[in-house]
Every structure is written in structure tokens, then in C-alpha cells.
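What follows is a set of notes on a single structure, which appears directly below.
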Amino acid sequence: MKKVTVNCLAAFISFLMLTSFYPFRPGEYGLNKVVIDAGHGGKDPGAIGVDMIQEKDIVLDIALKVGAAIKKQHPNVTVVYTRDKDIFIGLGERAKIANHMNADLFMSIHADAAASAQAYGTETFALGLHRSKENLETAKRENQAILLEENYEVKYEGFDPSSDESLIALGLMQQNSLAQSLSIASKVQDQFVALGRRNRGVKQAGFMVLYKTTMPSVLIETGFITNTKEGRFLNKAENRNLISNGIVTAFNQYKEEIDILYAPASTKENNQKQLNNKESIDHGVRFKVQITSSPKSVGTDAKRFKGIEGVEEIKINNSYKYAVGNEKSFEDGVSLQGKVREKGYKDAFLISMYKGERIPISQALEIIKNAK
């Protein structure tokens, strides 16, 4: 590497450390503010796909549908768009909007592209190290938007979107909120699988639009518009409705998780008292910790799950969930979640079952509360 490249890279890493490495502190009562970012826009069309469709148009429609549904289902949640029309917004400005409002979640929505027209499927990214050359190339493509910004060389302290070294520097700046980012990412992918979409997985890569955000953040690739079948799928309004509904369902699941984990102390004490009073009653609710999911059955051998014994396979729709535990109380479930995360499954999350069916945790707590 040339000396000038080293110097620029060192300056850029210093810039990252001053602007992006802050701990996530959720709102007083959990997830109350979300920023929805429609990728590209204005003079930046993003990827150009089959039938000349433009990424910027596809993702704006999905983003607006997601925001509208969240507003309707959660009137107390503040929803902000980085753009709600066809205008150009710099990558740094998008993160600035989220940080300025002290958002609890940032979701950036995109449509993917590839040199091969055969590539297809959905994937959701959190900021982090590139696990493959493919992840690196996806990040490079999305980061090219900074070249359209005025004075970008100064604004981004020498960052070069085509440089592997710059992208690796971004990946090294893993935020304190990575576990939460991976949690919402896995929920999004689970919903896409339920819709019958090809699951390309939850991944990590260095995206400029994510690194400056100080809250859990994900970049959602809703499909390849360069693939004929998938591009035409995304070009239909009814299919964009399906995609947006899947993202909203994942948001609801994530919000439920965050709201419970970060509930006020008084609420937690109240819940615990109610649970203690009903200890002897078998209300039928069981709390488990979901470790991972897969579109295919992979078995439950402990060796596959870092030595965790008692893992069970739960088939929901067209995907397989792998969970452990059979706890009667919410608090015991949370305690088990902590132990599973200590094993290395940082994005493991709590689920609840009732009469063999998965139900929302809020519903599970209501059943326990009303148990006679």
C-alpha cells in the first residue's frame, strides 16, 4: 500500500472514531422513534434493472408503505423519512437526520444489482466486517453515491468508495448496537423467507449510510432488479406491498423485544410481582430463546449450536427456527437469553409459545396476567 494511502486511511479511521462510536441508549420506554431511509434518489437513480426500472423509485414506494403502516399500527411512534420524494440526499446527511432526532432505529431500504443476471434473493446488512468478496462489492456499489455529493473528498475525510482498505476500515468500526442491528436484520430475513423469497442471509459490511448512525441500523436489500424475474416482481405494486408488510412485521417483533427489555424499572417490578403470584398456575405459556433460523432443516445436534443442549426445531411457515428453553416466566426467559448470548449468539432473542403456536410476547404476558 502506498504511503499516501496509509495516511488517508489513518485520517479516515480517526474521523470514524470521532463520529460513530457511541453506545446505543433506547428511548425511555423502548422503541419510540424510527428513521426510514429510501436509498438513492434525485440525480442518483441507484441500480438500473430489467425494463429500465430504477432502484430509487422501487425503494421509495416500499419505504413510504413501511412508514405509513408503522404510523397506523403504532400512533405513538415517531416516523421520519430521509426522503419522501424523488430528491438527492447525501449519505452522511441521512445518518445526520437519524442522529439529530435521537432515533431508536434506522432502516435503509434498497434493491440490489449484480453483473450476473442470475443473482437473486434478499439480504439484510448490519455494519461490520466483510465476510466475503460479494459483501464487499455490494457495499462498494451502494457507497458510490457519495461521488455525486459536492466536495465529498473533504466531507468524508479521504474515504474512497472503490478502495478495499477504506471499506475494511468501516467494517472495523463495529457499533455497540451491533447485537440489536443483527436482531432486527434476522427478523426481516425471517419475514422474507415466509414470503417465499430466496434467503441470502444476514450479513455485515461497511456501508457509509450506516457507519455514522448511533443507533441500531440495517440496510435491507429487497431483491435484485437486474434479475428479470425478481426485477419484474418488485416492479408490481402488490408485491411491494408484500415486501413492506414483511418489514413492518419484523419491526413489530423487534419493537416488542426492545420495549420489554428496556421497560421502566417500575413496570418490570410490577410484572415480576404478578408473575410471582401466579407461580403455581400452569398458564400454558412457554418462553424460549431463538438461536437461529434456516430455510432447510439442519438438525438439533448440540455440536451445531456451540454445545448448547436441548435445542429444538420449530417449523413456522416455510422456515425452521432453532430454539432452546421451556421457561414458564418471562424473567427466566430473559435470563436464558443472556446465557445463550454468552455462548456467542449475540442476536439470540426471546420468543413465546402457547398451545404449540408462537405468539407475540405481549400476548403471552397478557395470558399470564389473566391466568386464574
Side-chain angles (χ1 to χ4, degrees), residues 24 121-129 131-132 174-195 197-204 216 218 220 246 249-262 285-354 356-365:
F24 166 61
T122 65
E123 51 197 359
T124 302
F125 289 87
L127 182 69
L129 294 172
R131 301 299 174 87
S132 71
Q174 301 217 11
Q175 300 175 16
N176 288 351
S177 56
L178 180 60
Q180 289 95 337
S181 298
L182 292 173
S183 178
I184 177 67
S186 67
K187 290 172 173 56
V188 169
Q189 285 303 118
D190 283 349
Q191 290 304 311
F192 287 163
V193 169
L195 291 173
R197 310 297 306 287
R198 183 193 179 199
N199 182 15
R200 294 172 64 91
V202 172
K203 301 178 179 180
Q204 293 176 241
V218 291
I220 303 166
T249 299
F251 171 86
N252 292 342
Q253 294 170 348
Y254 177 72
K255 175 175 167 54
E256 179 178 77
E257 180 179 291
I258 292 298
D259 286 354
I260 290 173
L261 289 176
Y262 294 96
V285 172
R286 295 294 184 270
F287 293 98
K288 302 176 184 292
V289 177
Q290 183 169 316
I291 300 170
T292 188
S293 64
S294 171
K296 297 181 180 179
S297 175
V298 299
T300 57
D301 191 325
K303 292 179 181 178
R304 289 183 177 274
F305 299 98
K306 302 182 181 180
I308 298 176
E309 299 283 353
V311 173
E312 63 178 306
E313 181 181 84
I314 306 170
K315 187 175 182 182
I316 299 178
N317 297 320
N318 294 318
S319 65
Y320 296 85
K321 318 294 181 182
Y322 293 90
V324 65
N326 198 41
E327 312 303 317
K328 287 186 179 181
S329 78
F330 171 74
E331 293 298 323
D332 285 345
V334 171
S335 175
L336 178 60
Q337 180 188 40
K339 293 174 183 176
V340 172
R341 287 183 170 180
E342 286 175 2
K343 286 279 190 178
Y345 291 101
K346 300 300 183 184
D347 56 338
F349 58 93
L350 201 62
I351 62 173
S352 50
M353 306 290 293
Y354 183 65
E357 298 291 330
R358 181 172 169 179
I359 62 173
I361 288 178
S362 56
Q363 185 180 340
L365 293 176

Problem set entry | Selection residues 298-314 - residue pairs positive for side-chain hydrogen bond (donor to acceptor under 3.5 Å, both in side chains), sequence neighbours left out |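 Residue pairs with at least one partner in residues 298-314: K288-E312, S297-E313, E313-Y322.
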Closest heavy-atom pair and its distance - [X], [Y]:
| X | Y | result |
| --- | --- | --- |
| N199 | Q189 | OD1-NE2, 2.6 Å |
| K321 | S293 | CD-CB, 3.8 Å |
| L182 | A126 | CD2-CB, 3.9 Å |
| A250 | I184 | O-CD1, 3.7 Å |
| A348 | V289 | CB-CG1, 3.8 Å |
| S294 | K296 | OG-O, 2.7 Å |

Problem set entry | S183: side-chain hydrogen bond (donor to acceptor under 3.5 Å, both in side chains) partners, not counting sequence neighbours | K187, E257
Can you tell me how far the [atom1] atom of [X] sits from the [atom2] atom of [Y], to the nearest 0.5 Å?
| X | Y | atom1 | atom2 | answer |
| --- | --- | --- | --- | --- |
| F251 | Q191 | CZ | CD | 13.5 Å |
| R198 | E123 | CZ | CD | 9.0 Å |
| S352 | Q290 | OG | CD | 11.5 Å |
| I351 | I291 | CD1 | CD1 | 10.0 Å |
| Y320 | D190 | OH | CG | 14.0 Å |

Side-chain contact, heavy-atom cut-off 4.5 Å: [X] with [Y]?
| X | Y | answer |
| --- | --- | --- |
| V188 | Y254 | no |
| V324 | F305 | no |
| F287 | L350 | yes |
| L336 | E327 | yes |

For this session: May I have the step-by-step check of side-chain contact (heavy atoms from CB on, under 4.5 Å) for I314 and R358, ending in yes or no?
Result: CA-CA 9 Å; I314 306 170; R358 181 172 169 179; over 6 Å; no
